[in-house]
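Let me begin by presenting the structure, written as structure tokens, before commenting on it.
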Amino acid sequence: MKKLIHNHFFALLAWVVILVISLVALPNVNQLTREHSQITLPNSTQSQIAQTIEQQHWGHHVNNTYQVVAVFSNGNQKMSAADRQNVQKTVDRLQKHQDEYGIKAVMGPNDNAATRKQLISKDQTTQLVQLNISKKHGTLQKINRQLSTAVKTTGLKTYITGADILNDDFSGAVQQGIKKTEVISVIFIFIVLLLVFRSPITPLISLLMVGVSFMTSFSIVTNLVDKFNFPFSNFTQVFMIIVLFGIGTDYDILLYNQFKENLGKGMEKWAATKDAQEKAGRTILYSGSSLLIGFTSLGLARFSVYQSAVGVAIGVAVLLIVLLTLNPFFMAVLGKKMFWPDKRFTGESSSKIWQRMANNSVHHPVITLILVFAILLPIGLVNRNQLNYNDADEISNSTPSKKGFNVVEDHFSKGTAEPVTVYIKSNHRLDNEKNLLLIDRLTNQLKDSADVKTVTSVTQPAGSKVRQLYVNNQLQQLTGQLGTAQSSLSQLSAGLTGQAAMQAAATGSASGAASEQAMMVGMGQMSSGLQAGGDYLSGLQKSAAADSFYIPNNQLKNAEFQQSVNNYLSADKKTAKLMVILNSNPSASRATTAVNGLTKISKYSLKGTALGHATVVVGGQSSKINDTKTVAGGDFMRTAIIMIVGIGLALVYVTRSLLQPVYVLGTLVTAYMASLSITHLLTRLILGRPMLTWNTPFFSFIMLIALGVDYSIFLIMRYRNTDNQHHLPTERIVMAASAIGTVVISAAVILSGTFASLIPSGIPTLIEVAMAVIIGLIILVIIIPLVVPSTIHLTYPMRSAMRDNQAKRKGAEQN
């Protein structure tokens with residue numbers, strides 16, 4: 001029993017059971033990612049309020065649906081009559097089999113004059129069909145696959161696209177990228193460890209440790225997501241893999257090097273294991289704790305994407321437990337066989353590069369610090385921080401949904417694929433002349449915006465004014481009728497005059513003539529009145545007041561107008577929507593900025609009117625991106641401060657100093673700023689992308705700060721463990737840099753390699769984050785042996801340190 005305990009057999013048994021349970025309990029990861037990876041914003045944001053209105057307060061059976069667009073294209077050639085007939089046949093088939101496809105509403109290009117204008121491109125090459133698909137019908141993956149088959153039309157290229165479909169395809173692309181990342185990471189780590197330890201056994205054991213850690217922690221995270229809606233995003237799994245494989249291997253190198261060194265000193269394998277646990281394990285715990293604090297602090301973020309990185313904290317916690325409980329089993333059982341066939345049992349070789357750099361920095365600390373920050377800070381401050389919020393750019397152009405999206409942008413306005421929606425939610429009905437007038441006035445004001453191509457609403461369903469519903473047209477008809485009446489009166493008056501004269505001549509009766517004359521006077525007065533009225537109405541028709549919307553009560557019940565009411569007013573008629581198609585890409589900076597202008601116009605237009613107290617919000621992709629930009633930007637700064645404070649407190653405990661954490665964190669932040677600027681430059685030059693994706697700065701920051709602090713802790717812990725009885729602080733830091741330099745460089749190479757495995761994924765965010773972290777790690781490997789020794793010297797001046805050291809030596813000699 002004692003031998004089993006010494007060999008940590010029960011730890012092995014426990015982890016076998018835990019791993020089996022984790023694998024059995026693992027949910028369907030692909031489906032889970034697609035269902036829970038949507039970006040969620042605070043309920044108070046404008047786009048979320050608009051979404052709530054759409055989903056909860058809108059009728060006509062389209063609530064709780066996915067909005068999907070079917071694209072029919074003949075390339076750059078105009079559709080023939082047969083092509084158009086084939087499209088209509090497909091639309092008819094979709095309408096006939098709505099239950100089979102989960103369709104709750106269909107809007108086809110030939111439904112009416114309005115849809116012909118909206119859904120048929122001006123060049124007659126492309127037609128669109130708007131579909132609302134019930135969310136209960138199945139996953140978006142299933143819906144996409146089913147509809148892609150259903151819309152196939154003879155002689156035309158067909159696509160299924162839309163924001164929901166694009167987001168789902170992005171999740172699928174990330175999942176495919178993760179598979180590549182896993183394979184590349186494992187192969188790379190195995191090769192590097194094989195070179196470091198010159199043994200095939202050591203890499204296998206290390207990969208086993210990390211694999212157990214990842215599978216266990218990922219099962220925990222996914223079950224929390226499935227059961228308790230734990231924060232999750234497209235990037236949670238991939239960053240868990242990268243971080244755990246990267247730092248897990250780094251920590252294993254630290255532990256195995258200490259164990260190998262102990263064996264070389266003649267220690268028995270169990271004693272060597274215990275000593276390695278105590279010495280290297282302490283460094284691993286300190287480093288891991290700072291990581292744990294850093295990633296756990298992300299749970300305090302408000303933005304869902306940022307919160308999702310807290311899953312990495314669970315992974316780190318499990319990793320630390322596995323490394324310090326399961327590793328000892330293999331170390332105690334295998335002993336020297338763990339490093340077979342290598343016969344050399346020495347610790348890591350010293351790093352002459354780090355030794356020289358540290359030695360120079362302690363002799364010229366101020367100059368060293370000035371040079372380091374004079375070079376890096378200008379580089380870091382060059383970055384303008386212009387970011388790309390268009391998530392469609394994350395998807396390959398070869399993806400069918402992206403092809404369809406591009407076709408829509410090419411043949412319609414760029415904003416057609418994802419229009420902006422203005423919602424007006426009132427507490428009274430809007431299907432009356434007074435409120436329709438206000439909606440029409442707002443429609444015209446929005447159309448005057450430079451960023452707007454067209455606006456459709458209940459009063460202008462085709463995107464243009466309905467002439468019959470405007471006063472000038474109605475006056476034109478009325479003045480025409482008055483002119484006709486006046487002409488008829490004139491003819492009647494002339495006829496009566498002639499008749500009266502003839503009658504008077506024949507009969508010689510004066511009384512009859514007088515009667516006819518009185519009638520003619522009355523008719524003259526009536527004609528004059530009609531003339532005056534006609535002149536007034538003609539003048540009114542030419543005035544600005546005539547350019548107003550007015551719908552008579554009898555027109556409200558008109559079948560054609562009722563169709564417009566059904567499309568643009570809610571079922572209870574208390575909510576109206578206006579569809580705004582922008583001139584620019586709905587995900588581009590110009591479009592998202594335009595949302596603020598549209599919001600101001602809408603609220604100002606209704607201020608002081610019967611709709612002055614109505615809820616007015618702007619929804620759609622552009623609005624969501626605008627809110628994302630605002631929320632993400634503010635939450636980034638807030639979360640970064642929380643993370644830095646948390647890691648700073650951990651560093652205070654590790655370093656037993658208040659100044660050292662400031663120096664270390666300042667170094668990390670400077671390295672981050674410089675790496676982001678360089679990444680931006682390389683992205684533009686190599687990838688041809690003018691802006692970084694909006695996720696890149698945040699994920700680069702948390703990865704580089706959380707992981708980069710490890711290397712500073714490695715050096716500081718080695719410094720603390722160096723003999724302080726016989727060496728000055730400056731001597732100790734140079735010795736520590738020499739001893740730990742190779743370990744840090746090896747660890748940085750491994751971590752850089754694991755992040756480099758993200759590049760083949762083809763996902764721009766992952767590629768850019770990988771570049772930023774790799775560049776940042778290179779910078780840190782160069783500046784850590786310069787900055788930390790310099791700050792040690794400044795913290796512990798040479799003279800006072802020398803006096804303290806001499807006093808200790810004298811005390812030791814006297815004893």
Side-chain angles (χ1 to χ4, degrees), residues 22-23 25-43 45 47-48 51-52 55 64-68 133-145 162-179 181-182 214-244 295-296 298-315 391-392 394-395 401 621 624-625 627-628 631-632 635 639 693-695 698-699 702 761 763 765-766:
S22 299
L23 292 173
L26 190 67
N28 185 322
V29 176
N30 186 37
Q31 182 177 341
L32 189 78
T33 302
R34 291 174 182 270
E35 291 176 353
H36 293 269
S37 59
Q38 296 291 325
I39 294 175
T40 56
L41 295 165
N43 292 331
T45 57
S47 60
Q48 291 302 106
Q51 185 174 318
T52 299
Q55 293 180 349
N64 198 32
T65 61
Y66 295 116
Q67 296 181 0
V68 176
I133 311 298
S134 172
K135 291 183 177 180
K136 296 179 180 179
H137 184 63
T139 64
L140 275 165
Q141 189 177 19
K142 172 190 171 183
I143 290 169
N144 189 359
R145 185 170 57 247
D164 293 324
I165 296 294
L166 287 167
N167 287 334
D168 187 67
D169 280 343
F170 175 48
S171 296
V174 172
Q175 289 298 305
Q176 292 298 318
I178 288 173
K179 293 176 182 178
T181 298
E182 289 174 334
F214 171 71
M215 292 308 304
T216 303
S217 58
F218 190 61
S219 181
I220 294 172
V221 169
T222 51
N223 276 283
L224 288 174
V225 173
D226 191 34
K227 305 295 192 303
F228 303 102
N229 202 28
F230 190 78
F232 197 74
S233 74
N234 284 312
F235 303 111
T236 301
Q237 181 181 357
V238 69
F239 285 133
M240 285 185 69
I241 292 171
I242 292 301
V243 171
L244 296 189
F295 283 109
T296 301
L298 299 177
L300 299 175
R302 296 179 183 139
F303 187 39
S304 63
V305 176
Y306 295 172
Q307 286 180 333
S308 69
V310 78
V312 179
I314 294 176
D391 284 343
E394 299 269 21
I395 307 171
S401 61
Q621 181 75 355
K624 185 175 182 179
I625 290 176
D627 286 340
T628 299
V631 173
D635 212 31
T639 306
T693 65
W694 65 276
N695 279 319
F698 174 77
F699 285 126
I702 64 171
S761 69
I763 307 297
T765 293
L766 298 182

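As a basis for the values below, the full set of heavy atoms in this structure was taken, side chains included, without hydrogen atoms, waters or symmetry mates.
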N/O donor-acceptor pair under 3.5 Å between Asn144 side chain and Leu140 backbone: no

Set of residues satisfying salt bridge (Lys or Arg N to Asp or Glu O under 4.0 Å) with respect to Asp164, sequence neighbours excluded: none

Partners passing side chain to side chain donor-acceptor pair (under 3.5 Å) against Glu394 (at least two apart in sequence or in another chain): Thr765

Atom pair CD (Gln621) and CG (Asp391), whose distance is rounded to the nearest 0.5 Å: 7.0 Å

Pairing residues for Thr216 by the side chain to side chain contact (heavy atoms under 4.5 Å, CB included) criterion, not counting sequence neighbours: Trp15, Ile18, Leu19, Ser22, Val212, Ile220, Val318

Side chain to side chain donor-acceptor pair (under 3.5 Å) against Ser761, all qualifying residues, sequence neighbours excluded: none

Thr639 side, atom OG1; Phe698 side, atom CZ - distance, nearest 0.5 Å: 5.5 Å

Side chain to side chain contact (heavy atoms under 4.5 Å, CB included) against Gln176, all qualifying residues, sequence neighbours excluded: Lys179

Non-hydrogen atoms of Asp627 and Leu41 that approach each other most closely: CB-CD1, 3.8 Å

Those residues that, when tested against Tyr66, pass ring-ring contact (aromatic ring centres under 6.0 Å, His included) (two or more places apart): none

By side chain to side chain contact (heavy atoms under 4.5 Å, CB included) - contacts of Asn167 (at least two apart): Gln38

With Phe295 via ring-ring contact (aromatic ring centres under 6.0 Å, His included) - residues at least two apart: none

N/O donor-acceptor pair under 3.5 Å between Asp169 side chain and Ile395 backbone: no

Any donor-acceptor pair under 3.5 Å from Thr52 side chain to Gln48 backbone: yes

Close side-chain approach of Arg302 and Val631, heavy atoms under 4.5 Å: no

Any donor-acceptor pair under 3.5 Å from Asp635 side chain to Phe303 backbone: yes

With Ala173 via side chain to side chain contact (heavy atoms under 4.5 Å, CB included) - residues at least two apart: Ile763

Partner of Met240 by side chain to side chain contact (heavy atoms under 4.5 Å, CB included), out of Thr236, Ile242, Val238, Val243: Thr236

Candidate pair Asn695 and Val305, rule side chain to side chain contact (heavy atoms under 4.5 Å, CB included), full reasoning: CA-CA 9 Å; Asn695 279 319; Val305 176; 3.7 Å; yes

Phe232: ring-ring contact (aromatic ring centres under 6.0 Å, His included) partners, not counting sequence neighbours: none

Separation of Leu23 CG from Met215 CE (nearest 0.5 Å): 5.0 Å

Phe218 vs Val29 side-chain heavy atoms within contact, under 4.5 Å: yes

Closest approach of Ser171 to Asn234 (non-hydrogen atoms, all atoms of both residues): OG-OD1, 2.7 Å

Test log, rule side chain to side chain contact (heavy atoms under 4.5 Å, CB included), inputs His36 and Asn229: CA-CA 8 Å; His36 293 269; Asn229 202 28; 3.7 Å; yes

Partner set under ring-ring contact (aromatic ring centres under 6.0 Å, His included) for Phe230, not counting sequence neighbours: none

Minimum heavy-atom distance Leu244-Ser217, with the two atoms named: CD1-OG, 3.6 Å

Pairwise side-chain contact, Thr222 with Gln237, heavy-atom cut-off 4.5 Å (strictly under): no

Residue list, salt bridge (Lys or Arg N to Asp or Glu O under 4.0 Å) with Asp168, at least two apart or on another chain: Arg34

Inter-residue atom distance Ser401.OG - Leu166.CG, 0.5 Å rounding: 4.5 Å

Distance in Å, Ile143 CD1 paired with His137 NE2, rounded so as to fall on 0.5 Å steps: 6.0 Å

Polar contact flag, side-chain donor to acceptor under 3.5 angstrom, Thr139-Gln31: no

Validation row: Ile702, Leu298 side chains within 4.5 angstrom (heavy atoms): yes

Parallel, tilted or perpendicular, as decided by the 30° and 60° cut-offs, for the rings of Phe239 and Phe235: tilted

Value rounded to 0.5 Å, distance of NZ in Lys135 from CD in Glu35: 11.5 Å

